[in-house]
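Keep in mind it's a predicted model, so treat the numbers as computed, not measured. Starting from 1, each residue takes its place in the sequence as its number.
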Amino acid sequence: VMEQRAECASFYIREGNSAVWLHRVDCSRMVRDTIREGDRLPIDKGAACHVLRAFQGEPGKKLDEVRIDGYCASFGEYDSEIAAVSVPVLGQHQLLVGALTISGPRYRFGQGSVERMLPSLAAGARKLTSDFGGDAEWLSQLG
């Protein structure tokens, strides 16, 4: 994913009321968000957190929209200078495994850039979903 975009790629899992950065691939750009593997976020803010909550079936209008769209983009929600776009990664029986996310400085993310990121992000999520034993076909709607 990250090779096709000049932004950082991360994989999150949910642990209780936190999203945990399980794996991170930094981009080569000097200006980027700084997150370390193992860092935790509160589960109520940011694209990855909304994806984790939505695809575990939590109720709510925002989460319903995420389920319908198949992804979530956030702009300055967790940190005013950071934006992200995230998609679910599913495993066996279509159960959520985690969220694959591209993130970076907010000024490099607009709706047009999110739409350009979705195909490579979806391709990465399809690959991971297949690796985890899930059916990745539904992710084809994202590009």
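Residue pairs meeting the ring pair (Phe, Tyr, Trp, His ring centres under 6.0 Å) criterion with at least one partner in residues 113-136, sequence neighbours excluded, do not occur; the list is empty. For the salt bridge (Lys or Arg N to Asp or Glu O under 4.0 Å) condition, the pairs that include at least one residue of residues 47-56, sequence neighbours left out, are R53-E58. Evaluation of the side-chain hydrogen bond (donor to acceptor under 3.5 Å, both in side chains) test over residues 80-98, restricted to residues two or more places apart or in two chains, returns S86-T101.
Partners of K127 by salt bridge (Lys or Arg N to Asp or Glu O under 4.0 Å), not counting sequence neighbours, listed by chain and number: D131. Evaluation of the side chain to side chain contact (heavy atoms under 4.5 Å, CB included) rule for T129 yields V89, L90, A136, L139 as partners, not counting sequence neighbours. By the side-chain hydrogen bond (donor to acceptor under 3.5 Å, both in side chains) test, D64 is found to be paired with R67, residues two or more places apart in sequence or in another chain being considered.
Contact check for P42 versus Y78: side-chain heavy atoms found under the 4.5 Å cut-off. The closest side-chain heavy-atom distance from Y12 to V51 is not below 4.5 Å. Side-chain contact between F55 and V66 is present, with heavy atoms from C-beta onward closer than 4.5 Å.
In terms of heavy-atom proximity, G70 sits nearest to P88 at O-CD, 3.3 Å. A pairwise comparison of heavy atoms in E7 and G104 identifies OE1-CA, 3.7 Å as the closest pair. Closest of all the heavy-atom pairs between H50 and L63 is O-CD2, 3.5 Å. Across all their heavy atoms, A48 and A99 have their closest contact at O-CB, 4.0 Å. For the residue pair V97 and G91, the shortest heavy atom distance occurs at CG2-N, 3.4 Å. Taking each heavy atom of S10 and W21 in turn, the nearest pair found is OG-NE1, 3.1 Å.
The line from CE of M117 to CG of L121 is 9.0 Å long, rounded to the nearest 0.5 Å. A distance of 15.0 Å separates CG of L100 from OH of Y71, quoted to the nearest 0.5 Å. With values rounded to the nearest 0.5 angstrom, E77 atom CD is found 10.5 Å from L41 atom CG. Interatomic distance, I43 CD1 to E15 CD, rounded to the nearest 0.5 Å: 10.5 Å.
The main-chain N or O of A47 is found under 3.5 Å from a side-chain atom of S74 such that the two form a donor-acceptor pair.
Residue-environment remark: NZ (K45) stays at or below the threshold of 12 foreign heavy atoms within 6.0 Å.
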